[in-house]
There are 2 protein chains.
Amino acid sequence: MATGGIDETTEFRPRFDAVGLITCVTVAADGRVLMVAGMNAEALRLTLDTGIVHYWSRSRATLWRKGDTSGQVQRLLELRVDCDQDVLLARVEVGGDGGACHTGRRSCFYRVVEADGATLRIVEEPQAVPI
Amino acid sequence: MATGGIDETTEFRPRFDAVGLITCVTVAADGRVLMVAGMNAEALRLTLDTGIVHYWSRSRATLWRKGDTSGQVQRLLELRVDCDQDVLLARVEVGGDGGACHTGRRSCFYRVVEADGATLRIVEEPQAVPI
């Protein structure tokens with residue numbers, strides 16, 4: 001039985017934002033944060049139904065089955081939701097070369113903000129040809 | 001010298017959304033994802049200036065120095081930004097009892113979405129009194 005408020009219920013009630021998206025943080029099997037992207041209701045449904053992670057591409061305004069062109073298909077290992085059910089956490093196994101970023105890095109988070117708060121230090125170089 | 005597009009520049013150009021927020025994924029020193037929250041420009045500036053993570057609380061519409069009431073102060077170890085500079089990744093050392101979630105769990109991601117796509121399984125019980 002599903003009981004309690006949004007933070008204790010065992011009913012999945014994903015909360016989409018004003019434009020119909022929910023934020024998804026995607027981590028590799030080893031827990032490393034790879035990327036953050038949005039899912040609409042259809043992308044979330046397809047992710048759960050197929051076990052392959054789908055997003056909504058804001059820039060292209062289209063459903064986005066990650067890996068269709070790059071081979072970096074994300075097989076869903078586990079999906080979690082946060083306390084107020086407005087953020088998802090997907091743990092995935094990545095196909096192809098194992099990367100997730102269009103720049104050719106494994107993770108999208110390859111730059112550290114320096115102490116000056118104004119400049120970035122690149123800490124990961126591309127492993128693959130940018131896509 | 002800062003050169004290139006948003007994904008290769010070494011200039012920090014955080015991109016805030018239409019309501020002035022940027023998403024921040026916060027992970028513990030061991031890499032575990034603790035929480036996701038928004039920062040406005042002031043919260044980001046204070047985070048960088050003080051080394052203590054600040055957010056913008058949407059529910060309270062106020063600047064939020066995490067830990068002020070709970071003791072779960074987040075000392076910034078490293079801040080990264082993603083390829084298109086619209087998401088931050090903060091690695092932190094957590095004070096107090098080491099938790100981050102208002103429900104008393106260490107992480108906000110304590111529920112797994114079941115295969116049916118409709119129910120949640122609680123995989124972490126509260127370690128502390130909810131706040």
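In what follows, every heavy atom counts, from backbone to side chain, and hydrogens, waters and symmetry copies are set aside. Numbers restart at 1 for each chain; the letters A, B, ... are given by sequence-line order, proteins then strands. Remember, it's a predicted structure, so these values are computed and weren't measured experimentally.
Placement of L88(B) and V92(B) within a single hydrophobic cluster is found when ILVMFWY residues are connected by side-chain heavy-atom separations under 4.5 Å, directly or transitively. Hydrophobic clustering of Ile, Leu, Val, Met, Phe, Trp and Tyr side chains at less than 4.5 Å, counting indirect connections, keeps V36(B) apart from M39(B). Cluster membership check: L79(A) shares its hydrophobic cluster with V53(A), using side-chain heavy-atom separations under 4.5 Å among Ile, Leu, Val, Met, Phe, Trp and Tyr. Two different hydrophobic clusters hold V25(B) and F16(B) under the rule that ILVMFWY side chains link at heavy-atom gaps under 4.5 Å. In the hydrophobic clustering of ILVMFWY residues, with side-chain heavy atoms under 4.5 Å counting as a link, W64(B) and L76(B) come out together.
Going from atom CG of D84(B) over to atom OG of S59(A) covers 8.5 Å, rounded to the nearest 0.5 Å. Separating the CG atom in D82(B) from the OG atom in S107(A) is a distance of 8.5 Å, to the nearest 0.5 Å.
E93(A) meets the side-chain hydrogen bond (donor to acceptor under 3.5 Å, both in side chains) test with R75(A); sequence neighbours excluded. Scanning for ring pair (Phe, Tyr, Trp, His ring centres under 6.0 Å) contacts around W56(A) gives an empty result, with sequence neighbours left out. Annotation: salt bridge (charged side-chain N to carboxylate O under 4.0 Å, His left out) contacts of R65(B) (sequence neighbours excluded): D68(B).
Contacts from residues 108-123 of chain A to chain B, taken as heavy-atom pairs separated by less than 4.5 Å, involve C108(A), F109(A), Y110(A), R111(A), V112(A), V113(A), G117(A), A118(A), T119(A), L120(A), I122(A), V123(A) in sequence order.
Counting non-hydrogen atoms of other residues, nucleotides and ligands closer than 6.0 Å to CZ of R58(A) gives a total of 12 or fewer.
In this structure, D7(B) and R105(A) approach most closely via the heavy-atom pair O-NH1, 4.5 Å.
Counting heavy-atom pairs closer than 4.5 Å to chain B, the top residue among V87(A), V81(A), L48(A) is V81(A). Between chain A and the options E78(B), R32(B), R45(B), M35(B), the largest number of non-hydrogen pairs under 4.5 Å is found for E78(B).
Proximity to chain B (any heavy atom under 4.5 Å) is shown, for L44(A), by neither the backbone nor the side chain.
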